[in-house]
Amino acid sequence: MPTRERRRDAPGADPLARRVLEESADRVAPRLIGCRLVRELEGVRLVGVIVETEAYLGERDRAAHAFGGRRTPRNESMYGPAGTAYVYFTYGMHHCFNVVCAGVGIPQAVLVRAVMPAEGLEAMRARRFRGAADRALCSGPGKLCQAMAIDRALDGADLCVRGPVYLMPPAPGWTPGRVARDRRIGLGDVGAWGTRRLRWLVAASEFVSVGVRRRPGEIAKRNGPARRRRACDAGGDGGPDA
DNA sequence: CGTTCGATTTGCT
DNA sequence: GCAAATCGAACGC
């Protein structure tokens, strides 16, 4: 079981060292488990312990926004230095938060899919839907952005220095317990890239995402031509975790 | 409980 | 035009 009790940082503790992020996304993603995402608002401090991540491996990764060398204003920050925030807007209403890794010009990033709320729960609840349970506050990439007030305005922020949003190493004494691996969630038909186990999650945590559990290739089968109001996707999948 | 469906806008083909 | 690194409510059983 993950340690839930809060421990104090040493006075003046530093944010996560940038060198930790200057590696490929599949090496960084598991290392971000247990690190803390900190959001400083006026008068409020929101903190979540990262419990689920996904690696996106840049231009060769069919599931990545930078696949094939596609470089656009939207994903520009992914080409920046390690420690840069990449925040994008999708599905017409949700934001997703990523930690850029590797080096300048190498568009790799780690999507933070879920955090365990640790500080500022009241403010998080206020931003989420009415009556949201604690475990529903940040258990998904779109949810945590809503709860922690993360949007495109934070795209490009430096996560390795204290500011409106940044990362801290795991709290002293915090241990994740077993970390499970599984395939990434919500991808379209991306061939073999859809089955690679590029997602990491705290096995025993109740704060991980439920996941859309869509199978690879599922999206391609939806949306018949000229059938605007019938679009839908979903579909069972045993689901990962333990 | 599990599955279906609408929302809503951008970015790129 | 269309698909999207999603979410929550509405169904059906």
Quiz item: How close or far is atom P of C:dA5 from atom CD of A:Glu54, stated in whole angstroms?
Solution: 11 Å
Quiz item: When you check the phosphate oxygens OP1 and OP2 of C:dT6, does a side-chain N or O of A:Arg113 lie under 4.0 Å from one of them?
Solution: yes
Exercise. Side chain of A:Lys143 only, please: which of C:dC7, C:dA5, C:dT6 is the nearest?
Key: C:dC7
Self-check item: Integer angstrom distance from the P of C:dA5 to that of B:dC5
Solution: 22 Å
Quiz item: Picking from B:dT13, C:dT6, B:dG11, which would you name as closest to the side chain of A:Arg70?
Solution: B:dT13
Practice problem: Remember a base hit wins even if backbone is also touched, and classify A:Arg130 as base, sugar-phosphate or nothing at under 4.0 Å, heavy atoms. | Solution: nothing
Quiz item: Does the side chain of A:Val115 come within less than 4.5 Å of A:Val49's, by heavy atoms?
Solution: no
Quiz item: Say you pick atom C1' in C:dC2 and the same atom in B:dT8; how far apart are they, in whole Å?
Solution: 14 Å
Quiz item: Is there a side-chain contact between A:Phe207 and A:Cys138, using heavy atoms and a 4.5 Å cut-off?
Solution: no
Quiz item: Counting side-chain heavy atoms from C-beta on, which of B:dT9, C:dC7, C:dA5 comes nearest to A:Phe89?
Solution: B:dT9
Exercise. For the side chain of A:Pro73, starting at C-beta, report the closest nucleotide among B:dC12, C:dA5, C:dG8.
Key: B:dC12
Quiz item: Does a side-chain heavy-atom distance below 4.5 Å link A:Glu23 with A:Arg31?
Solution: yes
Quiz item: How would you label the contact of A:Gly92 with the nucleic acid (heavy atoms, under 4.0 Å): base, sugar-phosphate, or nothing?
Solution: base
Exercise. Look through every strand shown and name the nucleotide pairing with B:dT8 as Watson-Crick or G-U wobble, where both distances are under 3.5 Å.
Key: none
Quiz item: Picking from C:dA9, B:dA7, C:dT6, which would you name as closest to the side chain of A:Phe129?
Solution: C:dA9
Self-check item: Quiz item: A:Tyr91 side-chain donor-acceptor pair to C:dA3 base, under 3.5 Å
Solution: no
Exercise. Using both distances under 3.5 Å as the test, list the Watson-Crick or G-U wobble partner of B:dC1, or none.
Key: C:dG12
Practice problem: For residues A:Arg183 and A:Trp193, determine if any side-chain heavy atom of one lies less than 4.5 Å from a side-chain heavy atom of the other. | Solution: no
